[in-house]
Asker: 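This is the structure, below, for whatever I ask next.
Protein chains get the first letters and strands the later ones, always in sequence-line order, with residue 1 at the start of each.
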Protein chains: 2
Amino acid sequence: MYNVLTREAILDAALELADERGLGAVSMRAVAQRVGVTAMALYPYVGSKEALLDGLVDRLLASVLPDTVGDGDWRERLRQGGQAARALARRHPSTYPLLLSRPAVTPDAVRVVDWIYSLLLEAGVPPREVPRLERLLSTFVLGYATSEVNGRFSEGTLNPRARRAQLPADQVPAHRRLAKWLDDPVDWDAEFEADMDDLIRLIERAAA
Amino acid sequence: MYNVLTREAILDAALELADERGLGAVSMRAVAQRVGVTAMALYPYVGSKEALLDGLVDRLLASVLPDTVGDGDWRERLRQGGQAARALARRHPSTYPLLLSRPAVTPDAVRVVDWIYSLLLEAGVPPREVPRLERLLSTFVLGYATSEVNGRFSEGTLNPRARRAQLPADQVPAHRRLAKWLDDPVDWDAEFEADMDDLIRLIERAAA
DNA sequence: ACCTGAACACCGTTCAAGT
DNA sequence: ACCTGAACACCGTTCAAGT
């Protein structure tokens with residue numbers, strides 16, 4: 001360790017900081033301190049703070065790539081890919097939501113898209129439909145994992161009674177009809193599997 | 001206009017600021033200036049900046065609600081709801097992505113969820129499956145609209161040649177096979193409609 | 001060539017002070 | 001009761017200066 005300052009070392013430090021203390025703690029000054037330098041020394045390597053965040057997104061994509069080789073038929077590989085995407089969200093909850101806000105244009109991003117394209121072609125989806133279904137799949141998986149780590153689902157669903165209590169029952173008639181099922185705790189792994197099964201059937205139908 | 005300072009007036013100003021100059025321009029000081037007061041005067045009304053952002057999310061949800069009455073059968077109402085969600089994203093591109101990161105616990109959020117629940121019940125989905133399919137639908141629609149306004153789709157897809165050029169062709173074989181279709185411009189309205197049709201079939205299958 | 005220090009124009013938030 | 005001013009501990013970024 002000769003303490004060489006590199007773009008890689010800076011991105012490592014920024015990702016660690018985001019994992020440990022949240023995205024809000026990722027300031028140029030804090031990242032710089034972690035690599036033992038002043039904030040201004042980072043600029044030649046990362047350009048700007050925006051570019052640094054883009055670099056983090058690329059890091060995440062690069063780290064799912066090994067999980068996208070997989071074996072088995074396309075159904076099995078798709079399920080594995082979905083699980084990899086969710087696992088990534090749990091490892092990097094603060095950084096993960098950025099995947100939905102920044103365009104997938106880096107080499108590693110293109111590789112991931114290509115992996116999904118291959119899968120859909122193997123499934124027999126007409127080539128014309130492949131780009132659309134890739135966007136449908138990736139949007140759902142990224143959105144679901146983002147919702148999970150951001151608490152969009154759990155916060156409200158874990159307390160359905162409190163939720164309904166905010167409103168007169170006649171204003172939320174469907175909640176009342178579903179009361180029995182809304183009180184059950186949700187198995188998120190099982191729900192995601194069920195969603196993937198539904199999407200697999202959607203793909204099979206597009207292929208037919 | 002007696003210049004009364006209210007929570008509503010503050011949220012109005014913040015949303016305008018976000019629409020005109022982006023979420024980054026929404027500082028306590030800038031919002032305060034717009035309502036003609038100092039930053040500290042806002043605190044009794046909004047609590048903190050985080051709470052102010054939650055207030056903005058609620059504002060967006062409140063503004064889609066009128067569009068969720070709708071007529072026709074559940075298929076037509078679902079399509080209308082999806083279009084309303086996309087239109088909202090185009091009106092408030094900076095604020096919209098917050099919908100995926102903050103739990104839907106406010107009264108208006110619960111009303112929107114209840115509207116989707118009703119739709120799925122009318123479609124004949126077994127009550128046990130309704131909450132899961134609500135999350136599948138809302139996640140996809142929010143994720144798709146977020147991706148559109150954030151440029152996750154268009155940036156890369158509008159320039160497919162540049163995209164493939166970054167990598168040796170043998171590393172992205174599926175891109176090569178799809179070259180003919182990737183060069184076509186995408187009709188995003190039509191694509192979203194096709195996605196909704198696929199999701200409607202998915203729901204019909206769950207109801208069968 | 002690579003890094004630093006000082007500076008500029010900002011942040012969110014606390015708190016005593018004003019009216 | 002409601003708002004302000006000054007202050008604290010921060011930001012991202014520029015730029016001249018150091019080695």
Asker: What residue pairs, at least two apart or across chains, pass side-chain hydrogen bond (donor to acceptor under 3.5 Å, both in side chains) with a residue in residues 88-100 of chain B?
Answerer: B:D19-B:H92
Asker: Rounding to the closest angstrom, what is the interatomic distance between C:dC3 and D:dC15 at atom C1'?
Answerer: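 That atom pair is separated by 13 Å.
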Asker: Taking side chain to side chain contact (heavy atoms under 4.5 Å, CB included) as the test, write out the residues that go with A:P44, two or more places apart.
Answerer: none
Asker: Going 5' to 3' along DNA chain D, which nucleotides are the first and last within contact of chain A (any atom under 4.0 Å from a heavy atom)?
Answerer: D:dC11 to D:dT14
Asker: Not counting sequence neighbours, which residues clear side chain to side chain contact (heavy atoms under 4.5 Å, CB included) with B:P93? List them please.
Answerer: B:V149
Asker: Looking only at the side chains, is there a donor atom on one of A:T146 and A:R152 sitting less than 3.5 Å from an acceptor on the other?
Answerer: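 Result is no, nothing qualifies.
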Asker: Does anything in residues 138-151 of chain A pair up under salt bridge (Lys or Arg N to Asp or Glu O under 4.0 Å), and if so which pairs, sequence neighbours excluded?
Answerer: A:R86-A:E148
Asker: Applying salt bridge (Lys or Arg N to Asp or Glu O under 4.0 Å), name anything that partners A:R132, two or more places apart in sequence or on another chain.
Answerer: A:E129, B:D195, B:D198
Asker: Can you sort out the partners of A:S63 under side chain to side chain contact (heavy atoms under 4.5 Å, CB included), two or more places apart, ordered by chain and number?
Answerer: A:L88
Asker: Is the ring pair A:H175/B:Y117 parallel, tilted or perpendicular, if the boundaries are 30 and 60 degrees?
Answerer: tilted
Asker: Give me the residues of residues 36-46 of chain B where at least one heavy atom lies under 4.0 Å from an atom of DNA chain D, by number, or none.
Answerer: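 Residues of residues 36-46 of chain B that come under 4.0 Å of DNA chain D are, in numerical order, B:V37, B:T38, B:M40, B:A41, B:Y45.
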Asker: Quick check, are the ring centers of B:Y144 and B:F153 under 6.0 angstrom apart?
Answerer: yes
Asker: Hey, can you pull the donor-acceptor pairs under 3.5 Å for the side chains in residues 24-41 of chain A, sequence neighbours left out?
Answerer:
residue, atom, partner, partner atom, Å
A:S27, OG, A:A30, N, 3.0
A:R34, NH1, A:E16, OE1, 2.9
A:R34, NH2, A:E20, OE1, 2.7

Asker: Tell me every residue that passes side chain to side chain contact (heavy atoms under 4.5 Å, CB included) with A:V57, counting only those two or more places apart in sequence or in another chain.
Answerer: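 With neighbours one apart ignored, the set is A:L61, A:L98, A:L99, A:R102.
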Asker: Where along residues 11-27 of chain A does a heavy atom come under 4.0 Å from DNA chain C, residue by residue in number order?
Answerer: none
Asker: Tell me the stems DNA chain D sits in, counting at least three consecutive Watson-Crick or G-U wobble pairs, each under 3.5 Å on both distances.
Answerer: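 Output for stems: C:4-8 with D:12-16, C:12-16 with D:4-8.
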